[in-house]
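All of these numbers come straight from a predicted model, not from anything done at the bench. For the single chain, residues carry numbers from 1 onward in sequence order.
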Amino acid sequence: MCVTAVESRPGGPSQALKALGEGLLGAGQSPSHRPFGARVKAFVALTKPRIIELLLITTVPVMFLAQQGVPSLRLVLLTCVGGYLSAGGANALNMYIDRDIDALMDRTSQRPLVTGMVSPRECLAFGIGLAVVSTLLFGFTVNWLSAWLSLGALLFYVVGYTMILKRRTSQNIVWGGIAGCLPVLIGWSSVTNSMSWAPVILFLVMFFWTPPHYWPLSMKVKEDYARVGVPMLPVVASNKVVARQIVIYSWVMVIVSLLLTPLGYTGWFYTVVALLSGGFWLWEAHGLQNRAKAEVTGTKLKEMRLFHWSITYVSILFVAVAVDPFLH
């Protein structure tokens, strides 16, 4: 499929870094007519709160697993605040870099930089400020291992995914998704100040979860991505190919999720939940593949069913991670 790339932002990572610096030093917009309340909501929107909710769902339960009980509530609060600020900074910087294509995509056309509620300079300063504050908060109130993991997640998302991978390869979400897996490691390290196989396994669960979670959404809005030249897999491959990849990643994800029990980290409760929720996931993934093979298109493809279930799945699985220590 031929797509037309948008050239309004420099393509290379070095040029993108230069654009970051220019945006920070350049003059920002500050029209006085913008209402204060609307401005506050716009800055909150820059952090993408709904996405951060999902990140915290994978962080806090791992803290319970690491503690094998209830961790310090102060530690949980500090980890959640630090995680929110870090992810919020990453999301704000993502919007700054992608403001050119956000203006052309229906799904992102109401973001604060596109509507002018926040200027590029303000967004850039806001994102960098959150990054600095979150790193220092983690370092001085939790531990420095968690601080460096948090900063690494932010940099990987902003530089690795947004600047380098997103507009260059259909595997962008596969490797770029690593940033969204790191909160699992942060949750564990915030309690133990160390690493173990348990968070690594859950990291891998999230790694293999990310593509089959995001590709169904990409199938739904692939015209948006095609319009701006972002080569998401559904843009450059047929629905059959995408659905087959979804099934492969789904099977690996479910199998990896079951490794916690034989390694002694979880018991019967987590195992039952992982089997039932994973089994339903596979049912939905194969259903999507069957519809794609039958060349079903439009609303009958029902690709968003798997997308919505993927959010429910990860919530259920990680709740089981938190509950299981109390049952074995």
Applying side-chain hydrogen bond (donor to acceptor under 3.5 Å, both in side chains), can you list everything that pairs with [X], at least two apart in sequence or on another chain?
X: Ser218; result: none
X: Tyr161; result: none
X: Tyr214; result: Arg107, Tyr225

Residues joined to Leu258 in its hydrophobic cluster, side chain to side chain under 4.5 Å directly or through other members, sorted by chain and number, are Leu275
Do you know the tightest heavy-atom contact between [X] and [Y]?
X: Pro49; Y: Tyr84; value: CG-OH, 3.7 Å
X: Ser134; Y: Gly82; value: CB-O, 3.6 Å
X: Pro212; Y: Ser250; value: CB-OG, 3.7 Å
X: Thr108; Y: Val114; value: O-CG2, 3.8 Å
X: Pro71; Y: Val191; value: CB-CG2, 4.4 Å
X: Gly187; Y: Val62; value: C-CG1, 4.3 Å

Separation of Leu93 CG from Met163 CE (nearest 0.5 Å): 8.0 Å
[X] side chain to [Y] backbone, donor-acceptor under 3.5 Å:
X: Asn91; Y: Leu46; value: no
X: Asn290; Y: His286; value: yes
X: Asp224; Y: Val221; value: no
X: Arg291; Y: Glu303; value: no
X: Gln68; Y: Leu65; value: yes
X: Thr169; Y: Leu165; value: no
X: Thr58; Y: Leu55; value: yes
X: Trp209; Y: Ser310; value: yes

Considering only residues two or more places apart or on different chains, which pairs with a residue in residues 164-184 satisfy ring-ring contact (aromatic ring centres under 6.0 Å, His included)?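 Pairs touching residues 164-184 that pass the test: Trp175-Phe207.
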Between Asn239 and Lys293, a side-chain donor and acceptor under 3.5 Å: no
Does the side chain of Ser257 come under 3.5 Å of the side chain of Tyr270 through a donor N or O and an acceptor N or O? no
Could you check if a side-chain atom of [X] sits within less than 4.5 angstrom of a side-chain atom of [Y], using non-hydrogen atoms only?
X: Phe208; Y: Ile255; result: no
X: Met63; Y: Ser190; result: yes
X: Phe64; Y: Val60; result: yes

Please, which pairs that meet salt bridge (charged side-chain N to carboxylate O under 4.0 Å, His left out) have at least one residue in residues 69-79, sequence neighbours excluded?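 For residues 69-79, and leaving out neighbouring residues, there are no salt bridge (charged side-chain N to carboxylate O under 4.0 Å, His left out) pairs at all.
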What do the steps show when you test Trp215 against Tyr249 for ring pair (Phe, Tyr, Trp, His ring centres under 6.0 Å), and what is the final call? CA-CA 11 Å; Trp215 280 335; Tyr249 275 93; 5.6 Å; yes
Between Asp102 and Arg99, does any NZ, NE, NH1 or NH2 come within less than 4.0 Å of an OD or OE carboxylate oxygen? no
Carboxylate-amine/guanidinium proximity below 4.0 Å for Lys240 and Glu295: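 Yes, Lys240 and Glu295 are salt-bridged.
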Going through the checks in order, is the side chain to side chain contact (heavy atoms under 4.5 Å, CB included) test met by Val323 and Phe318? CA-CA 9 Å; Val323 172; Phe318 277 83; over 6 Å; no
For side chain to side chain donor-acceptor pair (under 3.5 Å), just list the numbers for Tyr157 and Thr162, CA-CA rounded to whole Å, side-chain angles, deciding distance to a tenth of an Å, and then say yes or no. CA-CA 6 Å; Tyr157 182 67; Thr162 307; 5.0 Å; no
Should we count CH2 of Trp144 as having more than 12 external heavy atoms under 6.0 Å? yes
Going by salt bridge (Lys or Arg N to Asp or Glu O under 4.0 Å), Asp98 matches just one of Arg111, Arg167, Lys48. Which one?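 Single salt bridge (Lys or Arg N to Asp or Glu O under 4.0 Å) partner of Asp98 among Arg111, Arg167, Lys48: Arg167.
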Please test Ser277 against Trp281 for side chain to side chain donor-acceptor pair (under 3.5 Å), starting from the C-alpha separation and ending with a verdict. CA-CA 6 Å; Ser277 57; Trp281 176 298; over 6 Å; no
Using side chain to side chain donor-acceptor pair (under 3.5 Å), reason through Ser146 and Asn143 one step at a time and then give a plain yes or no. CA-CA 6 Å; Ser146 299; Asn143 57 61; 2.9 Å; yes
Hydrophobic cluster membership, [X] vs [Y], 4.5 Å side-chain cutoff:
X: Val230; Y: Ile51; answer: no
X: Met206; Y: Leu204; answer: yes
X: Leu306; Y: Ile248; answer: no

Arg39 and Glu122: CA distance, side-chain angles, deciding distance, salt bridge (charged side-chain N to carboxylate O under 4.0 Å, His left out) verdict: CA-CA 11 Å; Arg39 291 264 288 157; Glu122 290 170 334; 3.0 Å; yes
